[in-house]
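Lettering follows sequence order; numbering is per chain, from 1.
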Amino acid sequence: MNSKNTVDKPTNFIRNIIDEDLLNGKYNKVITRFPPEPNGYLHIGHAKSICLNFGTALNYDGYCNLRFDDTNPLKEDIEYVNSIKNDVKWLGYNWNEEIKFSSNYFQKFYECALELIKKELAYVCFLSSDETREFRGTLKKPGKDSPYRNSTVQENLNLFKKMKEGEFKEGKCVLRAKIDMKSSFMCMRDPTLYRIRFETHHQTEDDWCIYPMYDFAHCISDAVEGVSHSICTLEFQDNRRIYDWILKNLDEFNKPDRPYQYEFSRLNLEYATTSKRKLKLLVDEKLVSGWDDPRMPTISGLRRRGYTATSIRDFSERVGVSKVNSLTDISILESSIRDDLNTNAPRTMAVIDAVKIVIENYPEDKIELLKAPNHPQNNEMGYREIYFSKEIYIDKADFQEIAPNNKFKRLAINKEVRLRNAYIIKATRIEKNKEGNIKTIFCKYDPETLGRNPTDGRKVKGVIHFVESSRAIQAEFNIYDRLFIDRNPSKFEDISSIINPDSLIIKYGYVEPNLKNAEVEKAYQFEREGYFCRDRSDKSLIFNKTVGLRDTWNQ
RNA sequence: UGGGAUGUCGCCAAGCGGUAAGGCAACGGGUUUUGAUCCCGUCAUUCGCAGGUUCGAAUCCUGCCAUCCCAGCCA
């Protein structure tokens with residue numbers, strides 16, 4: 001049986017490896033890194049990786065570097081480095097010392113390339129990219145050696161220096177590792193190490209016109225930073241061979257305590273996409289309002305939607321870490337945010353789809369101030385005052401002329417219901433407009449039922465929420481639903497064809513007056529409706545629905 | 001017979017030769033001025049399939065099957 005401490009500490013294959021490495025004395029400190037490429041916004045999948053890398057390091061009393069993997073100036077942008085820094089910080093993690101960039105090590109990479117050339121393990125190749133592809137062979141057929149493969153060390157040294165000096169045009173040549181054109185790992189068939197790009201880089205500007213490839217830069221960056229466990233996703237499993245090959249062939253890094261790469265499966269979320277490319281497409285095609293659209297599974301989108309950093313960290317822990325390709329239920333994410341907000345969000349009342357009630361036996365010009373708890377289970381969250389008068393709003397869904405069955409716990413004609421934090425009322429009659437829609441519901445209230453049940457033993461089961469009409473504040477509500485209609489959008493190339501037309505529905509209703517100056521992104525529970533937070537847009541009062549309350553009432 | 005990985009409850013996921021943790025979901029029941037929360041209970045005789053080794057197998061061996069990844073001068 002598990003003892004208590006094995007229950008709160010997550011166990012996964014990476015921790016098992018770390019435990020063993022520490023026990024064997026392979027490392028004396030756990031150092032990880034989170035290495036995003038600044039070519040897009042971070043999403044929930046990255047959040048899992050951040051929690052894994054930062055969380056694990058912290059847990060073992062080590063540290064994690066935030067390192068921008070910026071080796072391709074063509075795709076990268078400073079806008080993204082800023083948003084990424086912001087998102088990581090918001091998630092609650094602090095990087096060790098200053099932020100790292102792969103570009104910090106450009107000189108180092110260059111020297112490593114020189115070392116490989118001198119060891120006859122790298123050469124400058126003038127094959128065009130098409131020719132290179134042909135020479136590479138296929139999955140089942142071995143490749144052929146490049147005619148430039150046997151140039152002398154001196155020739156290669158001169159040529160590579162010329163590449164660096166900008167004497168060759170883009171695409172004219174590349175530096176390649178000399179490994180094995182017959183390898184069953186495609187990435188070992190003399191992979192490209194450096195290519196020429198006359199491009200201004202956001203960090204190094206025009207200092208370089210040759211840029212290292214991921215496979216060359218990543219392992220060296222890890223080694224330079226003293227990373228112990230380099231954790232990445234499954235698609236890099238083959239690349240681990242070149243990671244190991246490079247470090248083995250560089251004298252400075254060929255040591256027992258050099259970094260090793262471990263791969264885990266990336267997060268896939270139901271009805272969402274964690275493809276950077278598709279996310280960017282949604283933004284570029286204006287299928288959503290931006291990277292921070294609350295329907296986006298980006299960290300900034302989730303934040304705007306009302307998700308908290310705590311809930312995202314909790315979610316990461318709940319889904320765990322493994323090597324299995326999976327598609328995670330959205331309900332796991334939802335239960336994480338509900339757990340957090342249930343204990344931390346103050347309650348308030350909002351009527352999202354309003355209908356008016358007139359309480360016939362309530363005095364004409366009277367306005368009462370009633371005391372309402374901000375949290376039913378936590379008195380420390382205090383009380384607020386709410387208004388009550390002859391005219392109030394309730395939600396249309398909380399009234400039906402004739403109760404459909406005896407399980408119906410809402411208002412109907414001749415049926416009593418409790419107004420949350422106020423009195424019991426009974427509907428007497430309704431007034432409809434020309435179109436046949438209900439205009440007003442007339443009720444009678446029982447003045448003896450404020451803060452207590454009827455003394456004659458009547459049992460009133462239903463409770464509905466309301467807002468007093470004269471003090472109510474108008475508000476706009478963004479009701480969100482899943483962005484895609486298919487559970488697994490990754491199966492679709494044309495993502496625009498599976499967009500949920502009802503992913504955003506805008507409603508206009510009323511909130512309690514004390515919400516007039518609600519703080520942006522602060523969570524509230526609108527009782528019986530769900531969790532909401534104020535949107536950052538400065539026009540009027542807009543609330544985003546984070547998630548609904550759990551609903552076990554099946555009609 | 002290219003290679004690399006993975007298959008444990010509807011969805012995640014522990015388990016590492018001693019007789020299937022946990023979470024989410026679902027389903028019963030109780031409390032409740034939120035059909036919420038909370039509480040209590042139910043939920044894999046079985047681990048992709050078939051053989052084998054063993055006193056004993058999800059764990060070891062063999063063979064199948066299924067799914068994912070790799071042929072960027074992307075990461």
Quantified in whole Å, what is the [atom1] atom distance between nucleotide [N] and nucleotide [M]?
N     : M     : atom1 : value
B/G63 : B/G3  : P     : 13 Å
B/A44 : B/G10 : C1'   : 13 Å
B/C47 : B/A21 : C1'   : 14 Å
B/G15 : B/G22 : P     : 14 Å
B/C68 : B/C12 : P     : 15 Å
B/A36 : B/U42 : C1'   : 22 Å
B/C60 : B/G23 : C1'   : 31 Å
B/C9  : B/A75 : P     : 38 Å

Looking at every strand, decide which applies to [X] at a 4.0 Å heavy-atom threshold: base, sugar-phosphate, or nothing.
X      : result
A/D238 : base
A/Q377 : base
A/R418 : base
A/K323 : sugar-phosphate
A/S129 : base
A/P376 : base
A/R487 : sugar-phosphate
A/M349 : nothing
A/V174 : base
A/G462 : nothing
A/R420 : base
A/V321 : sugar-phosphate
A/N239 : base
A/L175 : nothing

Query raised in the report: Taking for each residue the nucleotide of RNA chain B bearing the nearest heavy atom, is the 5' side occupied by A/V463 or by A/K75?
Result: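 Result of the comparison: A/V463.
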Report task. Identify, between A/G320 and A/L74, the residue whose nearest nucleotide on RNA chain B lies closer to the 5' end. Result ->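 Between the two, 5'-proximity favours A/G320.
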Does [N] have OP1 or OP2 sitting under 4.0 Å from an N or O in the side chain of [X]?
X      : N     : answer
A/R241 : B/A5  : yes
A/S336 : B/C24 : no
A/T71  : B/C74 : no
A/N16  : B/A14 : no
A/R528 : B/G35 : yes
A/S322 : B/U6  : no
A/R197 : B/C74 : yes

Rounded distance (Å) that lies between atom [atom2] of [N] and atom [atom1] of [X]:
X      : N     : atom1 : atom2 : answer
A/E235 : B/U67 : CD    : C1'   : 16 Å
A/M181 : B/A71 : CE    : P     : 14 Å
A/R189 : B/G4  : CZ    : C1'   : 14 Å
A/E20  : B/C16 : CD    : P     : 14 Å
A/R338 : B/C38 : CZ    : P     : 11 Å
A/M186 : B/C70 : CE    : C1'   : 8 Å
A/N453 : B/U32 : CG    : P     : 10 Å
A/E37  : B/G72 : CD    : C1'   : 13 Å

[X], nearest nucleotide to its side chain (from [options]):
X      : options             : answer
A/I332 : B/A36, B/G23, B/G72 : B/G23
A/T132 : B/C74, B/C73, B/A75 : B/C73
A/D329 : B/G3, B/G10, B/C73  : B/G10
A/R410 : B/G35, B/A14, B/A75 : B/G35
A/L139 : B/C70, B/A36, B/A5  : B/C70
A/S331 : B/C24, B/U34, B/C73 : B/C24
A/N72  : B/C24, B/A75, B/G4  : B/A75
A/S184 : B/G7, B/A25, B/G3   : B/G3
A/E527 : B/U34, B/G35, B/A13 : B/U34

Assess the pair [X] and [Y]: is the distance between their ring centroids shorter than 6.0 Å?
X      : Y      : result
A/F526 : A/F532 : yes
A/F68  : A/Y80  : no
A/F126 : A/F168 : yes

Query raised in the report: Do the charged groups of A/R136 and A/D190 touch, with an N to O distance under 4.0 Å?
Result: no
Requested in this report: Flag the pair A/E416 and A/K426 as a salt bridge only when some basic side-chain nitrogen lies within less than 4.0 angstrom of an acidic carboxylate oxygen.
Outcome: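 Salt bridge absent between A/E416 and A/K426.
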Query raised in the report: Which glycosidic conformation, syn or anti, is assigned to B/G22 if syn requires a torsion within 90° of zero?
Result: anti
**Report entry** salt bridge (charged side-chain N to carboxylate O under 4.0 Å, His left out) between A/R318 and A/D314, worked out
**Finding:** CA-CA 6 Å; A/R318 289 191 196 196; A/D314 178 56; 2.9 Å; yes
Query raised in the report: Where does the angle between the aromatic ring planes of A/Y105 and A/F109 fall among parallel (under 30°), tilted (30 to 60°) and perpendicular (over 60°)?
Result: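 Ring orientation, 0 to 90° scale: perpendicular.
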Report summary line: Exactly one candidate in A/T328, A/I337, A/L302 meets side-chain contact (heavy atoms from CB on, under 4.5 Å) with A/F315; the answer is A/T328
Query raised in the report: If we ignore angles and hydrogens, is there a donor and acceptor under 3.5 Å between the side chains of A/E512 and A/Y524?
Result: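 Side chains of A/E512 and A/Y524: no pair found under 3.5 Å.
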Report task. State whether the aromatic ring of A/W553 stacks on the base of B/G35, taking stacking to mean ring centres under 5.5 Å apart and ring planes under 30° to each other. Result ->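 The base of B/G35 is stacked with A/W553 (centres under 5.5 Å, planes under 30°).
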Query raised in the report: Which residues satisfy the side chain to side chain donor-acceptor pair (under 3.5 Å) test with A/T273, sequence neighbours excluded?
Result: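 Residues passing side chain to side chain donor-acceptor pair (under 3.5 Å) with A/T273: none at all.
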